[in-house]
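Reading through the structure tokens given below for one structure.
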Amino acid sequence: MSIEKNVQVVKDFFAAIGSGDKQRVLALVAEDIEWIVPGEDWPLAGTHRGHAGLADVLKKASEEIETTYPKPPEFVAQGDRVLVVGVATGKIKAANKTFEDHWVFNITVRNGKLTNIREYIDTQALARASKTDASFRH
């Protein structure tokens, strides 16, 4: 596929997530998708595989995190790779703490479907925002 089409698939994926259209999200990703969210000590960290893993991480995100995107992300593409560069602000609901996260999603698109997503995020900011007061008691 062309670079422009790959970028459009990624834009469609983000739009589908934003609208909550689960069927459209799944239609845009490969059956064996792998989504890697770095870090520990925050709800979304881990490697999520397949449609079930994707559905699980999106459900967890909607239940546990409030997120806004102050400005549209930038899309940079070459070959089958699309980088999405942006910033998010939000709150981890359980801890009731806010965060600002500057991020890059490194996405591979093959045959019109997302096959791999690797996030590069501010893991420290998200882990700090996830800590509840109980986390500090030993």
Review point. Same hydrophobic cluster for Y69 and I17, using side-chain heavy-atom links shorter than 4.5 Å among ILVMFWY?
Key: yes

Review point. Would you say K22 has more than 12 foreign heavy atoms packed within less than 6.0 Å of its NZ?
Key: no

Review point. How many angstroms lie between CG in L83 and OH in Y120, if you round to the nearest 0.5 Å?
Key: 9.0 Å

**Study point:** Smallest separation among heavy atoms of P38 and T123, with atom names
**Key:** O-CG2, 3.6 Å

Practice item. Work out which heavy atom in P70 is nearest to a heavy atom in A88; give both atom names and the distance. Key: CD-CA, 4.4 Å

Review point. Can you name the nearest heavy-atom pair linking D80 to N6, along with the distance?
Key: CA-ND2, 3.7 Å

Review point. Can K93 and E64 be counted as an ion pair, charged N to O under 4.0 angstrom?
Key: no

Point to revise | Closest heavy-atom pair and its distance - K131, A95 | key: O-CB, 3.4 Å

**Study point:** Straight-line distance of Q78 CD to I3 CD1, nearest 0.5 Å
**Key:** 6.5 Å

Check your understanding: Are K11 and F75 in a cation-pi contact, defined as NZ or CZ under 6.0 Å from the six-membered ring centre and within 45° of the axis?
Key -> yes

Check your understanding: Looking at side-chain heavy atoms only, is the closest gap between H48 and L54 below 4.5 Å?
Key -> no

Exercise for review: Could you check K60 against L58 for side-chain contact (heavy atoms from CB on, under 4.5 Å), going step by step and ending with a plain yes or no?
Suggested key: CA-CA 5 Å; K60 201 179 282 189; L58 293 176; over 6 Å; no

**Study point:** Separation of E100 CD from L126 CG (nearest 0.5 Å)
**Key:** 11.0 Å

Point to revise | Common cluster, I36/F13, ILVMFWY with side-chain heavy-atom separation under 4.5 Å | key: no

Review point. Between V104 and E119, is any pair of side-chain heavy atoms under 4.5 Å apart?
Key: no

**Study point:** Student check: side-chain heavy atoms of W35 and L114 closer than 4.5 Å
**Key:** no

Practice item. Answer yes or no: is there a side-chain heavy-atom contact under 4.5 Å between L44 and I65? Key: yes

Practice item. Any chance you could lay out the side chain to side chain donor-acceptor pair (under 3.5 Å) test for T108 and T115, step after step, and finish with the verdict? Key: CA-CA 6 Å; T108 304; T115 61; 4.7 Å; no

Review point. Any side-chain heavy atom of N116 within less than 4.5 Å of one from I33?
Key: no

Review point. In terms of heavy-atom contacts, does CD of E66 have more than 12 from other residues, nucleotides or ligands at under 6.0 Å?
Key: yes

Exercise for review: Drop me the distance from E34's CD to D32's CG, to the nearest 0.5 angstrom.
Suggested key: 9.0 Å

Point to revise | Test item: T89 and T98 side chains (from C-beta on) under 4.5 Å apart, heavy atoms | key: no

Check your understanding: Which atom pair, heavy atoms only, marks the closest approach of W42 to S130?
Key -> CB-OG, 3.1 Å

**Study point:** Steps toward side-chain contact (heavy atoms from CB on, under 4.5 Å) verdict (H51, L26)
**Key:** CA-CA 7 Å; H51 282 189; L26 295 178; 3.7 Å; yes

Review point. Can you find a pair of side-chain heavy atoms, one from N106 and one from R81, that are under 4.5 Å apart?
Key: yes

Check your understanding: Should we count CD of E40 as having more than 12 external heavy atoms under 6.0 Å?
Key -> no

Practice item. Determine the interplanar angle of the W103 and F14 rings, folded into 0 to 90°, and report it as parallel if under 30°, tilted if 30 to 60°, perpendicular if over 60°. Key: parallel

Study note, to complete from the structure: Minimal heavy-atom distance between K91 and F99, with the atoms involved, is N-CE2, 3.4 Å

**Study point:** Side-chain heavy-atom pair P73, V85 within 4.5 angstrom cut-off
**Key:** no

